[in-house]
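As structure tokens, the structure follows; a few thoughts come after it.
Each chain gets a letter, A, B and so on, in the order its sequence line appears, and its residues count up from 1. Keep in mind that what you see is a predicted model, and the values were worked out from it rather than measured.
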Amino acid sequence: MGCFLTNSSVGKKLVMSISGCFLVLFILFHMSMNLTMIFSREGYNLICEFLGANWYALAGTALLAAGVLVHFVYAFILTINNYRARGKQRYAVTVQEKGVSWASKNMLVLGMIVILGLGLHLVHFWSKMQLVEVAGCEYATLTLDGVTATAHPANGALLMAFTFSKWYNVVIYLLWFAALWFHLTHGVWSMFQTAGFANDTWYPRLKCLANIVATLIFLGFAIVVVVCYFKSGEYFTEMANWHPAH
Amino acid sequence: MAYKLDAKTPAGELAQKWSNHKAAIKVVSPANKRKLDIIVVGTGLGGASAAASLGELGYNVKIFCISDSPRRAHSIAAQGGINAAKNYQNDNDSVYRLFYDTIKGGDYRAREANVYRLAEVSNLIIDQCVAQGVPFAREYGGLLANRSFGGAQVSRTFYARGQTGQQLLLGAYAALNKEIAAGSVKSYPRHEMLDIVIENGEACGIIARNLVTGEIERHGAHAVVIATGGYGNVFFLSTNAMASNGSAAFQCYRKGAGFANPCFTQIHPTCIPVHGTQQSKLTLMSESLRNDGRIWVPKKMEDVEAIRKGTKLPSDIAEEDRDYYLERRYPAFGNLVPRDVASRAAKERCDAGYGVNETGLAVFLDFKTAIERLGKETIKQRYGNLFDMYEEITDVNPYEQPMQIFPAVHYTMGGIWVDYNLMTTIPGLYAIGEANFSDHGANRLGASALMQGLADGYFVLPYTIGDYLSKKIQAPKVKTDTKAFDEAEAGVRARIERLFAIKGNQSVDDIHKRLGLIMWDNVGMARTKESLEKAIVEIQALRKEFYKDLKLVGTNESFNVELEKALRLEDFLELGELMARDALNREESCGGHFRSEHQTEDGEALRHDDKFAYAAVWEYKGIDNVPEMTIENLDYEFVHRAQRNYKD
Amino acid sequence: MNFTLKIWRQKDAKSQGAFETYQVNDISADTSFLEMMDILNNNLIHEGKEPVAFDHDCREGICGMCSMHINGHAHGPSQAVTTCQMYMRKFKDGSTITIEPWRSAAFPVIRDLVVDRGAYDKILQAGGFISVRTNSVPDGNAIPIPKADADESMDAAACVGCGACAATCKNGSAMLFVAARVSSLAKLPQGRVEGARRAKAMVAKMDELGFGNCTNTGACQAQCPKSISIAHIARLNREFLAAKLKD
């Protein structure tokens with residue numbers, strides 16, 4: 001049975017659906033974790049510490065990476081298939097059909113924006129946190145408004161405050177979240193459809209759910225970024241001398 | 001040489017004939033079936049069901065259709081339903097009653113034994129279709145639903161919304177696909193049969209043109225089945241599909257097969273009226289609408305004029321000023337009289353000047369009473385798609401204003417003569433469905449065309465063809481490099497070259513429209529000796545003009561729709577004349593054939609059973625020669641012929 | 001009414017095609033779109049030019065033969081109708097109308113606006129049937145079927161096989177067509193018997209013939225002349241996955 005996931009169109013779509021579902025769940029977790037930042041930088045760092053270079057955190061990271069990779073690779077395989085199926089000759093005139101969302105027709109582009117954003121995000125955070133810890137590199141030194149601090153890998157809050165003190169990072173991240181919002185408005189209900197759990201009664205409900213999830217995720221992430229921008233100095237100073245408990 | 005017609009009607013009691021016959025005819029063993037080839041031309045209900053059933057039996061079947069897929073055949077457009085004598089409604093229906101209604105509806109011009117067999121197998125068709133997954137309408141209890149149809153006082157019509165023909169065809173097409181997948185049937189879409197090949201007096205194959213490449217192909221077989229439908233498009237404007245044609249049947253006629261009762265044409269009462277000279281197709285509104293719709297014209301001429309001018313809306317006319325002329329003339333059947341009666345009644349009112357549109361050729365079909373009685377929702381459920389279609393075409397909302405309807409050419413009861421085995425006068429050549437003449441007499445009842453196509457294809461031909469093929473089990477594969485094939489192919493090529501060589505000024509449609517007008521005006525709903533004689537002269541002249549002035553563009557060696565149309569028109573130009581000749585010969589009125597000279601005092605069709613209780617079978621004698629007529633007497637053993645009465 | 005028509009002309013499958021522009025004048029608003037094409041063709045013939053080849057037959061919206069992509073819409077801008085059921089009153093007088101054939105790798109152009117939809121037949125041949133022999137069946141009322149199921153089966157069975165779904169889909173996916181057949185039979189007890197085999201065989205054939213993958217845009221449903229719902233695609237997915245998981 002293993003092969004239908006790689007050689008049939010519906011099977012391949014199921015892989016997209018399941019990997020997508022997994023990523024949505026991860027993002028929801030990530031968002032909840034980020035929200036801690038607003039209430040308690042210390043608490044936030046506790047979670048960062050927990051997710052440091054431990055075997056379970058590393059295994060989780062690997063699984064996550066695999067999820068992203070599968071979703072990404074399958075998206076390309078399917079898109080290449082679809083491109084071929086469309087034929088060489090294209091329509092001279094095309095329109096947006098009634099009731100068809102813009103996002104649904106641009107999932108690959110949106111996905112690529114999300115991936116690019118992810119790359120930047122890894123550079124901003126993961127490479128300075130889990131990676132530093134695993135590789136045993138030297139800790140970086142950050143300066144904001146004359147305050148200098150050593151960036152301990154588990155001092156996520158410091159890194160957040162530092163990163164989002166720059167307005168351009170805020171703009172880039174907000175754009176990234178917007179792309180994710182579009183991607184999810186189609187992706188979330190679509191994963192039910194692909195797995196076969198949908199019908200005419202449930203379409204409005206599933207689409208509503210998709211919009212709620214996408215919007216929650218957008219707001220959850222965006223609030224933290226915006227708050228960090230406005231309070232970057234305060235947070236940076238607060239966390240400049242933070243050291244892990246262990 | 002006149003035909004020696006032998007209908008091969010089995011002896012015995014009416015109800016026993018078919019079983020006796022089946023017991024008496026020969027069968028072919030499975031091992032021998034594998035060696036026998038059958039060609040089926042046409043993939044409508046008849047052709048598809050026959051090919052699928054024959055394939056299942058083990059014969060090697062080739063099917064040919066002119067469209068891109070067997071599923072496009074015009075059977076698909078039948079809306080209303082299919083009759084069967086199931087008596088599921090407990091309204092005292094029976095095989096005999098269905099038989100009797102069909103014989104009577106056909107104005108006693110069909111063969112008794114054939115019609116009885118049709119009624120007998122009708123029940124099997126429903127079972128077969130249900131098993132194939134045809135989603136017939138059902139009641140809340142989960143059992144099959146029925147509705148009533150013209151010409152019957154019981155509810156015996158099974159239906160799938162307004163798409164019964166489509167669903168039945170998809171069932172037959174699915175059965176066909178099953179056999180194509182199994183390898184017993186090979187499909188040749190976008191192929192048109194251009195000639196039948198006869199060797200030693202027996203059908204042995206066809207010449208077909210590949211409509212994509214223009215290639216002329218030879219296909220041999222031990223038997224050929226023609227299932228290509230009717231020839232209503234001779235009128236140019238009809239409810240038939242654009243590509244429906246009489247050419248395959250006409251080639252058989254040209255090669256010696258008898259053509260029976262060509263003048264029996266059905267004019268369907270409920271079509272959307274013609275709107276202008278640029279129209280190319282008439283749209284049928286299902287007969288099922290007459291279940292709840294009431295047909296009327298205003299009683300007062302001033303109302304007619306006001307409606308035409310647009311100063312009054314039809315809904316403004318008071319109840320007492322409406323003439324529900326069908327209910328007035330035929331109280332027992334009311335709006336559900338047979339099609340020929342309803343059509344003629346509409347013509348009578350319009351001839352009297354009460355036509356309700358600018359052309360004076362329209363009457364109202366009104367749902368006001370039904371909406372009041374049942375509510376808009378129920379009407380919407382029953383006819384929603386038809387109402388939407390009407391509004392799309394006419395821009396009038398039929399929930400608020402009555403529909404305008406007028407009769408239009410719909411079906412041809414006449415066709416290739418066949419015996420009880422459905423074999424034509426040429427051994428090995430069979431004709432089924434609308435292409436043959438056998439079951440509907442002079443008028444077909446609604447929901448009976450689907451019944452006949454499937455009866456022939458599923459339950460009759462697969463048995464009767466074995467009787468002939470049992471003699472062929474020693475015959476080798478048919479060779480296609482024989483003289484007969486050479487000549488047939490050369491004939492087809494010469495015909496095509498001749499058309500290209502004309503290089504005149506009129507397009508196929510230009511000439512076809514003129515033929516259509518001649519036919520409609522003179523061989524239409526009412527015919528007279530004068531009109532028919534005039535038609536013959538005019539058609540002959542038009543045919544000469546065709547051969548002198550046709551403008552045909554393109555080449556044979558390509559996808560060339562104009563060439564296809566030209567070849568079909570060439571046949572229509574002869575067929576039209578044949579229809580007129582047959583109508584001229586039949587000096588009586590019966591069913592769809594109404595000779596104005598022969599009517600009762602109240603304007604009903606007046607049959608002359610003493611002189612015309614026969615099928616007129618015509619034999620081709622060359623393009624400009626008068627064909628020879630042979631008669632098959634229709635001896636009625638079981639039914640008493642009476643004047644059709646739908647009044648009480 | 002007058003119109004400028006930009007029509008795709010292509011001699012045969014192998015030739016390169018191109019748009020050509022034509023003018024049609026004095027068209028009545030009650031004329032159907034295909035009658036307008038008839039008028040154009042008759043004019044072309046009189047000019048000694050080859051008429052535009054296009055598929056059409058019943059002109060009642062049921063045979064599924066007509067297949068034009070008009071101004072960016074499969075079957076034209078009206079909702080829930082086939083090309084043949086469109087009337088010129090839907091277009092603006094004096095406007096330019098662009099007419100293209102179905103574009104999909106699995107539907108190669110035969111000539112002008114005519115494409116080869118044989119792939120749809122092949123998919124149905126792979127399993128779009130119930131394997132019953134003629135005459136070897138129970139009474140029609142032997143198996144009661146809930147009205148709602150029969151109705152839903154009929155909703156799916158309304159498919160006319162015109163190809164608009166695959167032609168509209170940006171992925172060239174035939175899922176709506178395949179789903180309509182699978183779903184229609186899956187809703188009936190008689191169809192359930194070989195339901196698993198059917199779903200697997202038809203999807204496999206669809207993939208083999210080079211149709212694309214469904215990404216749930218719903219464009220097919222929007223352009224389907226019979227408004228067939230993508231809920232049937234969900235059912236196909238369910239049928240297929242359940243069948244595969246049992247293997």
Among C/Cys84, C/Pro138, C/Pro189, single out the residue with the greatest number of heavy-atom pairs under 4.5 Å to chain B. C/Pro138
Looking at C/Asp38 and C/Arg59, is any side-chain nitrogen of the basic one under 4.0 Å from a carboxylate oxygen of the acidic one? yes
Is it the case that B/Glu392 and B/Tyr390 place a side-chain donor and acceptor less than 3.5 Å from each other? no
Do you know which of C/Tyr87, C/Phe91, C/Phe54 makes ring pair (Phe, Tyr, Trp, His ring centres under 6.0 Å) with C/Phe33? C/Phe91
Applying a strict 4.5 Å limit to non-hydrogen atoms, the region of C/Lys49 in contact with chain B is backbone
Between C/Glu152, C/Lys122, C/Met36, C/Arg117, which has the largest tally of heavy atom pairs under 4.5 Å with chain B? C/Arg117
Below 4.5 Å from any heavy atom of chain B, which atoms of C/Ile110 appear? Answer side chain, backbone, both or neither. side chain
Regarding B/Arg190 and C/Asp55, does a basic nitrogen lie under 4.0 Å from an acidic carboxylate oxygen? yes
Quick check for you: among C/Lys11, C/Gln190, C/His46, which has the greatest number of heavy-atom pairs under 4.5 Å with chain B? C/His46
Looking at C/Asp112, C/Val114, C/Asp12, C/Leu185, which has the largest count of heavy-atom pairs under 4.5 Å with chain B? C/Val114
Need one label for C/Asp26: side chain, backbone, both or neither, based on atoms under 4.5 Å from any heavy atom in chain B. backbone
So which part of C/Asn141 gets closer than 4.5 Å to some heavy atom of chain B, the side chain, the backbone, both or neither? both
Counting heavy-atom pairs under 4.5 angstrom with chain B, the leader among C/Arg133, C/His56, C/Glu50 is C/Arg133
Under 4.5 Å to a heavy atom of chain B? For C/Ala29 that would be neither
Side chain / backbone / both / neither for C/Ile145 at chain B, heavy atoms under 4.5 Å: both
Out of B/Glu179, B/Lys86, B/Arg71, return the one with the most heavy atom pairs under 4.5 angstrom to chain C. B/Arg71
Flag the one option from C/Thr31, C/Asn135, C/Leu188 with the top tally of heavy-atom pairs under 4.5 Å to chain B. C/Asn135
Non-hydrogen atoms of chain B under 4.5 Å away: do they reach the side chain of C/Leu44, the backbone, both or neither? neither
Do the side chains of C/Asp155 and B/Arg161 get close enough for a salt bridge, i.e. N-O under 4.0 angstrom? yes
Establish, yes or no, whether a centroid distance under 6.0 Å links the rings of C/Phe177 and C/Phe211. no
B/Lys178 with B/Glu56: basic N within carboxylate O range, under 4.0 Å: yes
